[in-house]
Amino acid sequence: MIRDLYLPPEWAPQSAVMLTWPHPHSDWAPILDSVEPVFAAIGREVAARERLIVSCFDGTHREHVRAVLAAAGADLERVDLYVVPSNDTWARDHGPITVMRDRRPVPLDFRFNGWGGKYAAELDDRLTAALAEAGAFQVPPEPVDIVLEGGSIETDGLGTLLTTSECLLAPTRNPQMKRDDLEKALAECFGIGRVLWLSHGHLAGDDTDGHVDTLARFCNPHTIAYVACDDPEDPHYEGLQAMAEELAGFRDAAGSPYRLVPLPMTEPKLNDAGHRLPATYANFLIINSAVLVPTYDDPADLQALERLAECFPDRQVVGIPSLPLVHQYGSLHCVTMQLPAGVV
């Protein structure tokens with residue numbers, strides 16, 4: 001049955017993936033040389049399979065980005081570069097979330113307030129509208145007066161939303177909305193019929209208030225890959241064990257337990273101040289015919305790739321060295337936003 005309103009899962013056919021490229025006016029300035037190769041690798045793999053839309057700070061920056069992508073071997077025939085200035089680079093959270101309405105894609109432009117006012121976000125909040133004005137989208141985005149980040153929600157494509165109460169119920173997002181209000185608003189926006197709330201699980205160094213895409217991800221309507229911790233000495237142990245128990249209690253749209261696939265934790269990755277960074281294999285990106293998985297120069301990389309390959313037998317699993325990304329407290333999924341078929 002075709003529903004009038006439908007939030008497609010990430011594995012649905014895509015027209016493009018968005019990147020907002022790091023620039024000298026962002027927090028990436030001190031480590032641009034190390035982080036740009038990560039963006040270039042992501043861009044190369046995306047452009048081999050679908051279009052790549054890149055937001056650049058200004059004209060000079062656009063030519064620089066073009067040269068970096070060319071040097072990385074990206075198919076520039078599939079790359080669209082737009083001059084749209086940004087505060088930062090987290091396209092997952094300032095990009096549009098696309099629904100299908102009466103079988104047509106509609107990008108929804110939610111408000112973005114820098115993860116509850118932690119960071120400046122005026123340019124990022126306007127980025128989707130600015131891209132539309134520049135001609136990036138085939139269909140115009142619709143503004144939605146709710147603060148919501150793409151990294152905070154997951155869908156199975158069958159009317160189920162997976163999220164965390166720590167993030168969506170944070171008083172710095174939508175303080176006027178209680179849990180019931182949010183569930184009603186999410187149903188109206190996305191056509192979803194139920195919300196699965198995780199109340200446990202958090203990664204040290206995460207500054208998003210617990211985005212679900214750092215913790216647990218749908219791989220298909222019946223499978224969830226999640227970050228697991230088996231070391232009782234690790235500070236994450238108690239919270240992630242409790243999260244695993246919550247996941248075990250959830251049921252899929254047909255009423256059956258989910259197939260749960262544990263993903264390993266990396267060895268602790270620390271910044272120069274000695275603080276732990278949120279390196280997570282759950283932050284993978286599903287694109288047409290492939291899955292891009294962040295790797296961290298860690299002994300657990302191979303195991304993570306193997307377990308995700310089991311979850312996606314019909315797609316190529318590609319590791320992307322992503323350790324520089326976690327130095328700004330995000331990873332591969334966080335810097336991307338997929339655009340379903342028909343948007344571009």
Side-chain angles (χ1 to χ4, degrees), residues 14-95 119 123-124 127-128 130-131 134-137 150-151 269 271 277 279 283-297 301 316-339 344:
Q14 299 173 11
S15 58
V17 166
M18 284 176 50
L19 287 176
T20 304
W21 204 273
H23 53 78
H25 309 282
S26 69
D27 290 340
W28 294 106
I31 57 170
L32 275 177
D33 288 347
S34 63
V35 77
E36 281 195 300
V38 183
F39 277 76
I42 296 170
R44 180 186 65 243
E45 296 299 331
V46 168
R49 299 167 177 87
E50 56 194 88
R51 296 208 70 78
L52 177 71
I53 291 178
V54 184
S55 300
C56 308
F57 190 82
D58 55 25
T60 300
H61 188 232
R62 178 172 59 184
E63 295 313 306
H64 168 75
V65 171
R66 189 191 311 276
V68 172
L69 284 168
D75 180 359
L76 295 184
E77 293 296 317
R78 282 181 162 174
V79 176
D80 300 314
L81 303 173
Y82 293 94
V83 173
V84 179
S86 63
N87 299 102
D88 215 326
T89 57
W90 308 103
R92 177 64 42 182
D93 298 336
H94 60 237
Y119 304 98
L123 294 174
D124 292 345
L127 190 139
T128 292
L131 273 175
F137 307 131
K269 307 300 179 187
N271 63 13
L277 298 168
N283 212 242
F284 56 84
L285 173 70
I286 308 170
I287 60 174
N288 293 340
S289 76
V291 181
L292 307 186
V293 180
T295 60
Y296 302 104
D297 191 21
D301 287 348
Q316 181 183 10
V317 172
V318 181
I320 303 289
S322 299
L323 186 57
L325 293 180
V326 297
H327 283 270
Q328 284 295 327
Y329 318 117
S331 196
L332 192 155
H333 194 251
C334 302
V335 298
T336 61
M337 174 54 84
Q338 76 279 354
L339 301 173
V344 175

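Side-chain atoms are counted along with the backbone in the values below, which use heavy atoms only and exclude waters and symmetry mates. Along the sequence shown, residues carry numbers from 1.
- Side-chain contact of D124 with W90: a donor-acceptor pair under 3.5 Å is absent, judged by distance alone.
- Without hydrogens or angle criteria, Q338 side chain to I287 main chain gives no donor-acceptor distance under 3.5 Å.
- The minimum heavy-atom distance linking L127 with M18 is given by the pair CD2-CE, 4.0 Å.
- To the nearest 0.5 angstrom, I286 atom CD1 is 8.0 Å from Q14 atom CD.
- A donor atom on one side chain and an acceptor atom on the other are found under 3.5 Å apart for H64 and E36.
- To the nearest 0.5 angstrom, S34 atom OG is 8.0 Å from L32 atom CG.
- Taken to the nearest 0.5 Å, the CG atom of L123 stands 11.0 Å off from the OG1 atom of T20.
- To the nearest 0.5 angstrom, S322 atom OG is 11.5 Å from D297 atom CG.
- The aromatic ring centres of F284 and H333 sit 6.0 Å or more apart.
- Here the side chain of S26 pairs no donor or acceptor atom with the backbone of P24 at under 3.5 angstrom.
- Of the inter-residue distances, the one linking S55 atom OG with L131 atom CG reads 4.0 Å to the nearest 0.5 angstrom.
- Judged by distance alone, the side chain of R51 and the main-chain N or O of V46 form no donor-acceptor pair under 3.5 Å.
- Side-chain N or O atoms of R92 include none that pairs as donor or acceptor with a backbone N or O of V335 at under 3.5 Å.
- Between atom OH of residue Y296 and atom NZ of residue K269 there is a gap of 10.0 Å, rounded to the nearest 0.5 Å.
- With F39 as the fixed residue, the side chain to side chain contact (heavy atoms under 4.5 Å, CB included) test singles out one of V65, T336, V68, L325: L325.
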